[in-house]
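Structure, as structure tokens:
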Amino acid sequence: MKPSLPQGTRDFGPDVVRKRQYILNTIRSVFDLYGYQPLETPALENLDTLLGKYGDEGDKLIFKILNNGLDHPSKKEQARTEFEHVLDGKNSKAVTERALKYDLTIPFARYVAMNYGQLYFPFKRYQIQPVWRADRPQKGRYREFYQCDADVIGSKSLWNEAELAQIYHEVFTKLKLDAYQLSINSRKILSGLAEISGGLHKMTDITITIDKLDKIGLEKVKEDLEYKGLTKGEINVIEHYLNISGSNEEKISELKKLLETSETGSEGIKELEFLKSLVSEHDPSMKMHVDLTLARGLNYYTGIIFEVKAPPEVKIGSIGGGGRYDDLTGLFGVPNVPGVGISFGVDRIYDVLEELNLFPENLITSSKVLFFNLGDEESKIAFQLLQQLRSRGISSELYPETVKMDKQFKYAEKKHIPYVVIIGSREMETGECILKNIETGKQQTMISYDLLEHMMEL
RNA sequence: GUGAUUGUAGCUCAGUUGGUUAGAGCAUCAGAUUGUGGUUCUGAGGGUCGCGGGUUCGAAUCCCGUCAUUCACCCCA
């Protein structure tokens, strides 16, 4: 048979894994530095845990797992009738009760709800794991991809938002992706806008529509809003809102006037101002721009929301996002636990770094030294030296077969091994070895005992 | 879910209005070279042209279906 991969999944070869690890290690080290604790949850969750948390679209994209044993004779009839329900678009526990996790936030909320008594708050956790979505793959979109989440749960303080923004800044700076764009907005502002335009019940419709502004333009947005049942007057208010522009300060002062009648909206503005002041006082170089059209799809957000975009020349969309949710664990029976979190999309960050050529050069080396194998007796000496080098932390290897030097050279070259050590019959007699630099082609003969010292100096 | 795109050797791709035995480069292997690679030269292996059906004397080429790929929309990291 011809082997193939499931749609939207990938194998990662050695070089790719090194680059991915570079990203993952960078993120992990920053999480550790800021006092977050690691957590892992299963790939599988009960379908109930996930369903209804991501909106209707999200539900469709959850990978559901077929129950085992449906073909058992005693269950066959029941399975058949239950399948009928599934074909009608309903979910049946008799057919599928587990699913692959869709993100890291909901499983985390489930974990917190289950372990509420044992945890100390505020609880700061990070989580680096794959998630799965049954989306059609395309550029920057995969069916299996990694998320790196950091969340603080059990604290309402905006200091958390400031810290998370700082984490974004630190990670992307370390990755040399200085041109990243961090946008912020507040769900409270959006809900204030809904209050003064279409009414609070229209908030989802309004936010989904204005989120598309930069894609479809103002006219289409207005058409769309009209189609969704807003009056001319209400649309005018929204247009006014969308026309707010200028610096962050200008936007905020304009907003204040517009939303002064809305208590929630005003609160959102205050929070935004406070966050801005915390961040810019601490690190003026850090840019964070207020984007009033930013909405974010997941409907559990309630306060500040974040989104990170790649530099505009890379057309890949968002490489990270997050926000505050006031009652995520309420879904699992533990109400009133506020939280805020952010996420990094590693796979997209990889694509961006690749496209902009931002990976460091030195990620690809494997061993530092290859010992040639020119016979069993010769290799015994090589083996001793090899272990000496290894014991001093110099990664090295012996070519396992006695084959032509030509082949061994090519092996070293392909694996990017910078040095080879040649010990043949002549060297064996004199107790010497040849150390050759593959890149420069220069070589030197030395007493075998000196090899270690030599290598330590390089 | 909707709309396009592409599918030929391990990889990247040629292949004329349908015409005999489907080609090239890279890679692999062997030799020139029994202790010095990355350059060069010679040779070799490797293909059910995605799969199934149809039109035709004849199909990689045209038609239908199907699967896979890539891209866009929706939505998202």
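None of these values were measured; they are calculated from a predicted model. We name chains A, B, ... by the order of the sequence lines, and we start the count at 1 in each one.
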| said: Set out, in order, the CA-CA distance, both residues' side-chain angles and the distance that settles salt bridge (charged side-chain N to carboxylate O under 4.0 Å, His left out) for A/Glu432 and A/Arg426, then state yes or no. | reply: CA-CA 8 Å; A/Glu432 293 173 322; A/Arg426 291 208 291 265; over 6 Å; no

| task | Answer with base, sugar-phosphate or nothing: what part of the nucleic acid does A/Ile349 contact at a heavy-atom distance below 4.0 Å? | result | nothing

| field | Cationic N near anionic O, under 4.0 Å, A/Lys53 to A/Asp59 | value |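 So A/Lys53 does not pair with A/Asp59 through a salt bridge.
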
| said: Between the side chains of A/Asp351 and A/Lys139, is the shortest nitrogen-to-carboxylate-oxygen separation below 4.0 Å, so that they form an ion pair? | reply: no

[X] [atom1] to [N] [atom2], straight-line distance once rounded to whole Å:
X	N	atom1	atom2	result
A/Gln129	B/rA77	CD	P	17 Å
A/Ile342	B/rC76	CD1	P	19 Å
A/Met405	B/rU36	CE	C1'	5 Å
A/Glu307	B/rC75	CD	C1'	12 Å

Please list, for nucleotides 26-29 of chain B, all pairs of protein and nucleotide N/O atoms separated by less than 3.5 Å.
unit_1: B/rU28; atom_1: OP1; unit_2: A/Lys414; atom_2: NZ; d: 2.9

| field | Between A/Ser183 and A/Lys309, a side-chain donor and acceptor under 3.5 Å | value |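 No, A/Lys309 and A/Ser183 have no side-chain donor paired with an acceptor closer than 3.5 Å.
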
| task | Side chain of A/Arg348 only, please: which of B/rC76, B/rG37, B/rG35 is the nearest? | result | B/rC76

| said: Please pick, from B/rG37, B/rA77, B/rG35, the nucleotide with the shortest atom-to-atom distance to any side-chain atom of A/Gln147. | reply: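 In terms of side-chain proximity for A/Gln147, the closest of B/rG37, B/rA77, B/rG35 is B/rA77.
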
Counting only non-hydrogen atoms, which of [range] are less than 4.0 Å from RNA chain B?
range	value
residues 416-425 of chain A	A/Ile422, A/Gly424, A/Ser425
residues 17-28 of chain A	none
residues 441-452 of chain A	A/Gly441, A/Gln443

| task | Using Watson-Crick or G-U wobble pairs with both distances under 3.5 Å, give me RNA chain B in dot-bracket, 5' to 3', with [ ] for crossers and | for pairs to another strand. | result | ((((.((..((((.....[...)))).(((((.......))))).....(((((..]....))))))).))))....

| field | Polar pair under 3.5 Å, donor/acceptor by atom type, side chain A/Gln408, base B/rG35 | value | no

| Checking only heavy atoms, does the side chain of A/Lys404 share a donor-acceptor pair with the base of B/rU33 at less than 3.5 Å? | no

Between protein and nucleic acid, restricted to nucleotides 65-74 of chain B and to nitrogen or oxygen atoms under 3.5 Å apart, what atom pairs and distances do you find?
unit_1: B/rU69; atom_1: OP2; unit_2: A/Gln7; atom_2: NE2; d: 3.1
unit_1: B/rC71; atom_1: OP2; unit_2: A/Lys139; atom_2: N; d: 3.1
unit_1: B/rA72; atom_1: OP2; unit_2: A/Gln138; atom_2: OE1; d: 2.7
unit_1: B/rA72; atom_1: OP2; unit_2: A/Lys139; atom_2: N; d: 3.4
unit_1: B/rC74; atom_1: N4; unit_2: A/Gln138; atom_2: NE2; d: 3.4
unit_1: B/rC74; atom_1: N4; unit_2: A/Arg141; atom_2: NH1; d: 2.5
unit_1: B/rC74; atom_1: N4; unit_2: A/Arg141; atom_2: NH2; d: 3.3

| Under the 5.5 Å and 30° test, is A/Phe145 stacked on the base of B/rA77? | yes

| message | As a test of understanding, state which of A/Phe344, A/Phe306, A/Tyr168, A/Phe172 forms a ring-ring contact (aromatic ring centres under 6.0 Å, His included) with A/Tyr180. | response | A/Phe172

| query | Between A/Val308 and A/Leu374, which has a closest nucleotide on RNA chain B that is more 5'? | reply | A/Leu374

